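See structure below.
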Amino acid sequence: MFNESFAQNGLRPFYAVKCDDARTAIQWADQGMGVALVPQSIGQVFSDQQLRLVDYSRWDTQTMVVWRKDQPVKPIVDKFIQAL
């Protein structure tokens, strides 16, 4: 998603390291090791640094709950789904 957006805007970022964990990426950025592109909600909770909001609709995501159709949903899971 990021690479496609960067390429469409003529940018080729250099990646020294990639990280799939937002908290670790934030820690690295907080230590001056680079930039972390993370969801705003996670950045606000885990970073002590100034955050810059990137308002780019192509990077908007949604959280989804997925469960198997072929198995019954346990009551606790059903309560969680209903709470959402």
Side-chain angles (χ1 to χ4, degrees):
M1 174 172 63
F2 294 130
N3 288 338
E4 183 179 314
S5 296
F6 291 141
Q8 289 175 352
N9 289 284
L11 300 171
R12 264 184 89 185
F14 169 74
Y15 300 104
V17 159
K18 293 180 186 179
C19 177
D20 290 332
D21 181 71
R23 294 168 297 178
T24 301
I26 290 168
Q27 288 177 340
W28 290 348
D30 284 350
Q31 294 173 14
M33 297 174 64
V35 174
L37 294 171
V38 298
Q40 180 181 3
S41 58
I42 294 172
Q44 289 173 329
V45 171
F46 290 100
S47 180
D48 296 330
Q49 304 300 316
Q50 180 178 352
L51 303 176
R52 175 173 286 173
L53 177 63
V54 177
D55 186 15
Y56 189 63
S57 62
R58 298 183 114 199
W59 290 354
D60 288 346
T61 61
Q62 296 178 346
T63 301
M64 302 181 101
V65 178
V66 179
W67 62 91
R68 294 180 59 135
K69 286 183 178 181
D70 63 343
Q71 294 183 359
V73 176
K74 296 181 181 184
I76 189 72
V77 175
D78 189 51
K79 285 183 180 183
F80 176 73
I81 293 167
Q82 297 306 318
L84 291 175

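It should be emphasised that the depicted structure is a prediction, and the values quoted were computed from it without experimental measurement.
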With a 4.5 Å cut-off on side-chain heavy-atom distances among I, L, V, M, F, W and Y, is there a chain of contacts connecting L11 to F2? yes

Validation row: V65, F80 side chains within 4.5 angstrom (heavy atoms): yes

Can you pull the side chain to side chain donor-acceptor pair (under 3.5 Å) pairs that have at least one residue in residues 34-49, sequence neighbours excluded? D30-S47

Do the side chains of L51 and I42 join up, straight or via other hydrophobic residues, at under 4.5 Å, putting them in one cluster? no

Keeping to residues at least two apart or across chains, list the ring pair (Phe, Tyr, Trp, His ring centres under 6.0 Å) pairs with something in residues 3-25. F6-W59

d(L84 CG, K79 NZ) to nearest 0.5 Å is 14.5 Å

Table please: side-chain donor-acceptor pairs of residues 66-78 below 3.5 Å, with sequence neighbours left out.
| unit_1 | atom_1 | unit_2 | atom_2 | d |
| --- | --- | --- | --- | --- |
| R68 | NE | D70 | OD1 | 2.9 |
| R68 | NH2 | D70 | OD1 | 3.3 |
| R68 | NH2 | D70 | OD2 | 2.7 |

Residues clustered with V17, ILVMFWY side-chain links under 4.5 angstrom: W28, M33

Please tabulate, for the side chains in residues 19-26, all donor-acceptor contacts under 3.5 angstrom to protein atoms that are two or more places apart in sequence or on a different chain.
| unit_1 | atom_1 | unit_2 | atom_2 | d |
| --- | --- | --- | --- | --- |
| D21 | OD1 | R23 | NH2 | 3.3 |
| D21 | OD2 | R23 | N | 3.4 |
| D21 | OD2 | T24 | N | 2.9 |
| D21 | OD2 | T24 | OG1 | 2.9 |

same_hphob_cluster(M1, V54) at 4.5 Å side-chain heavy-atom cutoff: yes

